[in-house]
Amino acid sequence: MRVMKLNNQCKRIRTWLYAAISRRFGPEAKWLHNHIMYCPRCQHRLVSYGKVNLALSFMKSQPHGLDLLMRANTQAIAVLKHSLRREPKAQKLERKLPEPKLLERCSHYGHSAVNLAACIVILLLMKIGVFSSMGNLQTQGQKVIKQYYVKQVGEDLADEIFARDTKPPSTANSHGVVNA
Amino acid sequence: MTLMFGKAISYGSVWDFAADESVVESQRWILSTMQNYGQELVTMLWRILGNEQDVCDAYQDTFLQLAHYEGGRKPKHLKAYVFRTANNIAISMLRRRIAERNKRSRPFTTASVSSPAREIDSKYLQEALRSYIAQLPEHLRNVITLRDLAELSYSQISTILGISAATARVYRCKAIQLLSVWMSKEE
């Protein structure tokens with residue numbers, strides 16, 4: 001327990017330090033922007049970094065043929081031993097198409113999941129609201145009925161009837177009225 | 001005599017079948033490796049090479065090397081072996097391609113007039129970066145290909161290359177610095 005607490009504290013301090021340092025020395029720091037604005041050497045460096053990043057993004061975003069995996073598998077399986085080539089798994093691989101990762105697949109359902117979660121939260125809130133209103137209504141009703149009994153049969157008897165808050169009003173009513 | 005010959009053939013085929021079965025048993029993991037890492041490997045090779053036929057060739061060579069690793073034995077760190085082999089094969093192919101192109105025409109790096117249009121020409125930038133990645137020292141190149149082209153995490157890279165995640169980060173930073181210097185010299 002203590003170790004966990006310490007770990008949490010460490011994590012908090014680390015996050016705080018990181019945020020503070022990146023605010024002061026990160027790429028968003030104002031002094032850095034001001035410096036770059038007037039330093040041709042840094043401008044040049046920044047441009048070349050940007051160029052590398054741009055080229056990397058181009059390389060990543062370039063799509064390949066949908067059947068590339070299938071073709072690569074077929075070609076690779078063709079050089080394996082005969083017995084392996086005949087395996088059902090090998091035949092499956094020869095027809096395999098690229099599949100999106102689990103995260104990518106789930107991202108399509110992200111909006112629906114968020115909507116569903118929002119609906120559930122709203123329903124829960126409504127349920128909590130309805131139940132608390134019902135509780136209020138019940139206590140208010142009990143108070144009114146007690147007032148009525150106090151007026152009609154006197155305070156002592158009314159107190160006796162409504163002695164326990166937990167007793168439902170209907171039970172109290174049936175006993176009380178009969179007794180009265 | 002015919003009977004004996006027939007029997008010999010049938011024993012032979014039974015023996016072949018048994019040998020086949022044992023090969024299948026002992027090397028089935030190659031197909032599983034293909035199934036598990038095939039997609040990631042193809043993506044990485046495609047980004048390094050940018051040519052579909054070269055990707056197929058590099059992929060084939062990778063699995064051929066894997067099948068013949070120490071007489072068909074399974075490597076201890078399979079993923080590391082597969083990724084490093086594929087990476088090395090792809091870089092060798094890339095270097096060969098660049099050398100051939102340089103022989104045929106003017107070298108790519110001392111190229112032509114730089115213009116704003118050329119600066120953002122996707123193919124030009126990609127080819128320039130590829131040729132520079134091929135020139136990087138091995139330790140930096142491995143990190144940049146695994147991190148930026150295969151999109152593996154630093155912890156995965158550290159396992160594959162046998163270095164710490166922090167070292168991998170430092171190597172990547174150095175590689176980017178070097179690449180940016182070379183890219184800017186080109187202008």
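When the shell of 6.0 Å around NZ of Lys143(A) is examined, it contains 12 or fewer heavy atoms from other residues, nucleotides or ligands. Shown here is Lys174(B), whose NZ atom has no more than 12 heavy atoms of other residues, nucleotides or ligands within 6.0 Å. Counting heavy atoms of neighbouring residues, nucleotides and ligands inside a 6.0 Å radius, atom NE2 of His77(B) does not exceed 12 of them.
Below 4.5 Å, heavy atoms of chain B meet no heavy atom from residues 113-124 of chain A.
For a residue to count as touching a neighbouring chain, one of its non-hydrogen atoms must lie under 4.5 Å from one of that chain's; by this rule Leu80(A) touches chain B with the side chain only. Of the two parts of Ser32(B), the backbone and the side chain both hold a non-hydrogen atom closer than 4.5 Å to a non-hydrogen atom of chain A. Both the backbone and the side chain of Leu179(B) come within less than 4.5 Å of a heavy atom in chain A.
Under the salt bridge (charged side-chain N to carboxylate O under 4.0 Å, His left out) criterion, the residue pairs touching residues 33-48 of chain B are Arg47(B)-Glu151(B), with sequence neighbours excluded.
The aromatic rings of Phe83(B) and Tyr37(B) lie perpendicular to each other, with more than 60° between the two planes, well past the 30° mark.
The residue among Thr74(A), Leu68(A), Val79(A), Ile77(A) with the most heavy atom pairs within less than 4.5 Å of chain B is Leu68(A). The candidate from Ile133(B), Asp57(B), Ile144(B), Thr43(B) with the greatest count of non-hydrogen atom pairs under 4.5 Å with chain A is Asp57(B).
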Using distance only, find each side-chain donor-acceptor pair of residues 13-27 of chain A under 3.5 Å and give its atom names and separation, not counting sequence neighbours.
residue, atom, partner, partner atom, Å
Thr15(A), OG1, Lys11(A), O, 2.6
Ser22(A), OG, Tyr18(A), O, 2.6
Ser22(A), OG, Ala19(A), O, 3.3

Show me the side-chain donor-acceptor pairs of residues 84-93 of chain B shorter than 3.5 Å, one per line, residues at least two apart or across chains.
residue, atom, partner, partner atom, Å
Thr85(B), OG1, Tyr81(B), O, 2.5
Asn87(B), OD1, Thr145(B), OG1, 3.3
Asn87(B), ND2, Asn142(B), OD1, 3.3
Asn87(B), ND2, Thr145(B), OG1, 2.8
Asn88(B), ND2, Arg84(B), O, 3.3
Ser92(B), OG, Asn88(B), O, 2.8

Next item on the list: Give the C-alpha distance, both sets of side-chain angles, the deciding distance and a yes or no for salt bridge (charged side-chain N to carboxylate O under 4.0 Å, His left out) between Glu100(B) and Arg97(B).
Entry: CA-CA 5 Å; Glu100(B) 274 169 25; Arg97(B) 205 167 74 189; over 6 Å; no

